[in-house]
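Below is one structure, written out as structure tokens; the observations come after it.
Both counts, for ligands and for their atoms, begin at 1 and track the order of listing.
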Amino acid sequence: MPGEDAQTATSSRTSPTVLMCPPNYYGVAYEINPWMSRTRGADRRRAQRQWETLYELVRDRGAQVKLIEPQPGLPDMVFTANAGLVWQQTVFLSRFRHAVRAPEAAHFERWFRAEGFQVRRLPPGLYFEGAGDALYCGETLCAAYRFRSDVRSHHWIAEQTGSPLAVTELINPYFYHLDTCFCPLRPGAALWYPYAFDEYGRRVLERAVNELLPVPTDEAHRFACNSVVIGSSVIVPAGCPKTLSLLKRVGFDPFEVDLSEFQKAGGSAKCLTLRLDGEDAAGWKSGKQPDSEPSSRSDAR
Ligand code: ARG
């Protein structure tokens, strides 16, 4: 019933809600970024355990987790951040750059429709990889292009949503998605790895985000920026002690999680999740005070 669908979408926006996809078919079956090596592969049982740890941690931090059914032949479907960009009740559906991931879109589309989202597709010919490359920080849509998404996709979405846009080019193939090098924490604050951007891109982000907290190079390569923010909690990939201290210093509670098997495909905590109610840092979320204290309410279970 359409009425029920609308209600589902509404209730999913009132509390932190995260989409995940179980790793039943996960593996390194092709190579579309420099982290991936088919010969090295990934250990599926270990991946399963690591994914379950993340799932439990996300729930423990006060978020509801919704699951999409994994599909054989689509090993990267676990990276739900790439399903689309959620904005209010709308999702801007991804169109994947690489043919091996393209069929994921139809599964995500069906899922979003069943959940009551309004699904919007980009104009023909444009590539877009969802929350992998487009993240709200306050009112501004921060977005990146080159390896995956097209710059025109971001301009189109910014126009459709009436959002100011801070668009940057990625320059390092190890940081091929924005969420590998930039992580909004709250309106006006974000973690970032400055060397994933050129000088111009750095200036664009510096102008858009008041408080940019740089992570060190070695931790950036351990996916420090691929962290999941839930209220005042931040779930950080393992091996990033400096990022943990940095987060504590600015008032967050960091939690570590080992996702080494997923890093072999070029993804970590953030890539494995999609906030269905919008990120905590997104200015369009109702009742959000710019530059407010991180809310600890969402920690309550
Ligand atoms: N193997 C996947 C790809 O290259 C990893 C995606 C990681 N997702 C992300 N949001 N960064 O597409």
- Query: Should you measure from each heavy atom of G132, which atoms of ligand 1 turn up under 4.0 Å away?
  - Reply: 10 (N)
- Task: May I ask you to identify, for Y176, whether its side chain, its backbone, both or neither come under 4.0 Å of ligand 1 on a heavy-atom basis?
- Result: side chain
- Message: Using salt bridge (Lys or Arg N to Asp or Glu O under 4.0 Å), reason through D253 and R61 one step at a time and then give a plain yes or no.
- Response: CA-CA 10 Å; D253 288 329; R61 299 333 301 154; 5.2 Å; no
- Distance filter under 4.0 Å to N33 heavy atoms, resulting ligand 1 atoms: 1 (N), 3 (C), 4 (O)
- Item | Residue pair Q263 / S268, side-chain donor-acceptor N/O under 3.5 Å | yes
- If you measure from the Lys or Arg side-chain nitrogens to the Asp or Glu carboxylate oxygens, is any gap between R186 and D280 under 4.0 Å? no
- Task: Take E115 and K66 through the test salt bridge (Lys or Arg N to Asp or Glu O under 4.0 Å) and record every step on the way to the result.
- Result: CA-CA 10 Å; E115 287 286 317; K66 297 202 174 198; 2.8 Å; yes
- Atom OH of Y174: over 12 foreign heavy atoms under 6.0 Å: no
- What atoms of ligand 1 come within less than 4.0 Å of a heavy atom belonging to I32? 3 (C), 4 (O), 12 (O)
- Message: Quick check on R202: does its CZ atom have over 12 non-hydrogen neighbours (other residues, nucleotides or ligands) under 6.0 Å away?
- Response: yes
- Query: At under 4.0 Å between heavy atoms, which part of R148 makes contact with ligand 1: side chain, backbone, both or neither?
  - Reply: side chain
- Quick one: does Q89's side chain get under 4.5 Å of Q118's, heavy atoms only? no
- Item | D179, any N or O under 3.5 Å of ligand 1 N or O | yes
- Message: Checking a contact table here: which protein heavy atom is nearest atom 2 (C) of ligand 1, and how many Å away?
- Response: D76 OD2, 3.2 Å
- Query: Can you list the ligand 1 atoms lying under 4.0 Å from a non-hydrogen atom of M36?
  - Reply: 1 (N)
- Message: Any nitrogen or oxygen of R101 lying under 3.5 Å from a nitrogen or oxygen in ligand 1? Just yes or no.
- Response: yes
